[in-house]
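This report concerns only the one structure given below.
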Amino acid sequence: MAVGDLKIFETKSPEETRQLAQDMAREAKPGQVYALDGDLGGGKTVFSQGFAKGLSIEDRVNSPTFTILKTYEGGRLTLHHFDVYRIGDIDEMDEIGYEDCFYGNGVSLVEWAALIEELLPEDTIRIKLERDPLKGDDYRRITVS
Ligand code: ADP
Ligand code: MG
């Protein structure tokens, strides 16, 4: 995707969001960082599950909320799944060794990435998952930029 490009997807079920993520994972390149933001319950973890599947990772991916980082091997690329929602201080990211993830050969997905905005590489792919109360519980607008 060229710089400045923006794509908007609309999904009507968790399965559709998983499928979208799965398709995106097939295009993923080593060292790519994906920043996931949007509402609580917006579907960041659901997206991460589909993404892992698209990398042919067989482990079940869930929210790593209490560990901040979980790494999955065995797929086409190593997946570093972050959930920084409960991060206290940005220095915790150093302790976890985020640089090896963001600048290594795997791909990184970061739930609640806005909380560590200053650490995100310039070419980070931004994914925002938003609900719309007018369009029902299962509707999500997913903006990729
Ligand atoms: P987050 O990680 O952003 O807090 P989760 O992925 O844990 O959110 O939860 C999303 C919830 O919303 C799940 O319970 C999922 O089943 C539900 N859901 C309903 N519709 C959708 C949709 N279109 N896309 C993703 N999740 C959806
Ligand atoms: Mg989550």
Side-chain angles (χ1 to χ4, degrees), residues 1 5-104 106-121 123-145:
M1 228 169 25
D5 271 4
L6 190 140
K7 282 185 192 162
I8 298 174
F9 300 90
E10 295 179 298
T11 67
K12 293 174 187 69
S13 67
E15 291 71 32
E16 276 186 42
T17 297
R18 275 195 200 93
Q19 185 62 54
L20 171 67
Q22 200 177 318
D23 294 344
M24 282 181 65
R26 294 216 182 86
E27 312 279 309
K29 300 201 167 59
Q32 185 66 58
V33 177
Y34 296 81
L36 300 171
D37 282 292
D39 315 314
L40 180 67
K44 295 179 286 300
T45 299
V46 164
F47 184 95
S48 301
Q49 291 166 346
F51 199 93
K53 193 173 178 204
L55 291 175
S56 306
I57 290 165
E58 311 219 333
D59 308 68
R60 170 157 178 82
V61 171
N62 43 37
S63 223
T65 297
F66 295 100
T67 53
I68 300 187
L69 169 63
K70 203 164 169 201
T71 293
Y72 299 88
E73 315 270 3
R76 180 175 70 81
L77 296 167
T78 297
L79 173 64
H80 306 290
H81 183 206
F82 293 79
D83 185 330
V84 300
Y85 186 65
R86 284 196 167 75
I87 201 156
D89 191 285
I90 205 138
D91 291 344
E92 282 179 50
M93 290 295 285
D94 290 321
E95 288 157 30
I96 291 160
Y98 83 93
E99 281 180 303
D100 293 340
C101 302
F102 286 9
Y103 300 99
V107 292
S108 298
L109 293 181
V110 188
E111 298 196 31
W112 301 103
L115 295 172
I116 58 146
E117 179 66 41
E118 66 215 79
L119 302 183
L120 297 172
D123 64 351
T124 296
I125 295 176
R126 315 274 174 162
I127 299 168
K128 191 162 188 186
L129 299 105
E130 297 167 295
R131 315 178 69 133
D132 184 337
L134 298 177
K135 296 195 173 171
D137 275 354
D138 292 346
Y139 172 89
R140 298 292 185 277
R141 181 185 302 106
I142 302 173
T143 310
V144 181
S145 57

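These numbers come from the heavy atoms of this one structure, side chains and all, not from hydrogens, waters or symmetry mates. Start at 1 and go down the list; that is how both ligands and their atoms are numbered.
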| Which atoms from ligand 1 have a heavy atom of Gly42 less than 4.0 Å away? | 1 (P), 3 (O), 8 (O)

| task | Would you mind listing which atoms of ligand 1 come within a distance below 4.0 Å of any non-hydrogen atom of Asp39? | result |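 That gives atoms 3 (O) of ligand 1.
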
Heavy-atom distances under 4.0 Å decide this one: backbone, side chain, both or neither, for [X] against ligand 1?
| X | result |
| --- | --- |
| Leu36 | neither |
| Thr17 | side chain |
| Glu111 | side chain |

| request: Please confirm whether the backbone N or O of Asp39 pairs with a side-chain atom of Lys44, one donor and one acceptor, at under 3.5 Å? | output: yes

| said: Keeping Arg76 on the side-chain end and Ala25 on the backbone end, is there a donor-acceptor pair under 3.5 Å? | reply: yes

In the protein, which heavy atom is nearest to [atom], and how far is it?
| atom | result |
| --- | --- |
| atom 7 (O) of ligand 1 | Thr45 CB, 3.6 Å |
| atom 6 (O) of ligand 1 | Val46 N, 2.9 Å |
| atom 8 (O) of ligand 1 | Gly43 N, 3.1 Å |
| atom 19 (C) of ligand 1 | Asp138 OD1, 3.3 Å |
| atom 16 (O) of ligand 1 | Pro14 CG, 3.3 Å |
| atom 17 (C) of ligand 1 | Arg140 NH2, 3.7 Å |
| atom 10 (C) of ligand 1 | Gly41 O, 3.3 Å |

Inter-residue atom distance [X].[atom1] - [Y].[atom2], 0.5 Å rounding:
| X | Y | atom1 | atom2 | answer |
| --- | --- | --- | --- | --- |
| Leu109 | Phe82 | CG | CZ | 9.5 Å |
| His81 | Asn62 | NE2 | CG | 8.5 Å |
| Thr45 | Arg18 | OG1 | CZ | 10.5 Å |

| message | In terms of relative ring orientation, are Trp112 and Tyr85 parallel, tilted or perpendicular, with 30° and 60° separating the classes? | response | tilted

| Side chains of Tyr139 and Glu10: is there a donor and an acceptor less than 3.5 Å apart? | yes

| message | What I'd like to find out is whether the side chain of Leu36 reaches to under 4.5 Å of the side chain of Glu111, using heavy atoms alone. | response |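 Contact flag for Leu36/Glu111 side chains = yes.
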
| field | 4.5 Å side-chain heavy-atom contact, His80 and Leu69 | value | yes

| Is the Mg ion (ligand 2) less than 2.8 Å from an N/O/S atom of Ser48, whether that atom is in the backbone or a side chain? |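 No.
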
| Centroid-centroid under 6.0 Å between Phe51 and Tyr34 rings | yes

| request: Report the name of the N/O/S atom of Glu111 located nearest to the Mg ion (ligand 2). | output: OE1

| query | Measuring to protein heavy atoms, does anything land under 4.0 Å from atom 12 (O) of ligand 1? | reply | yes

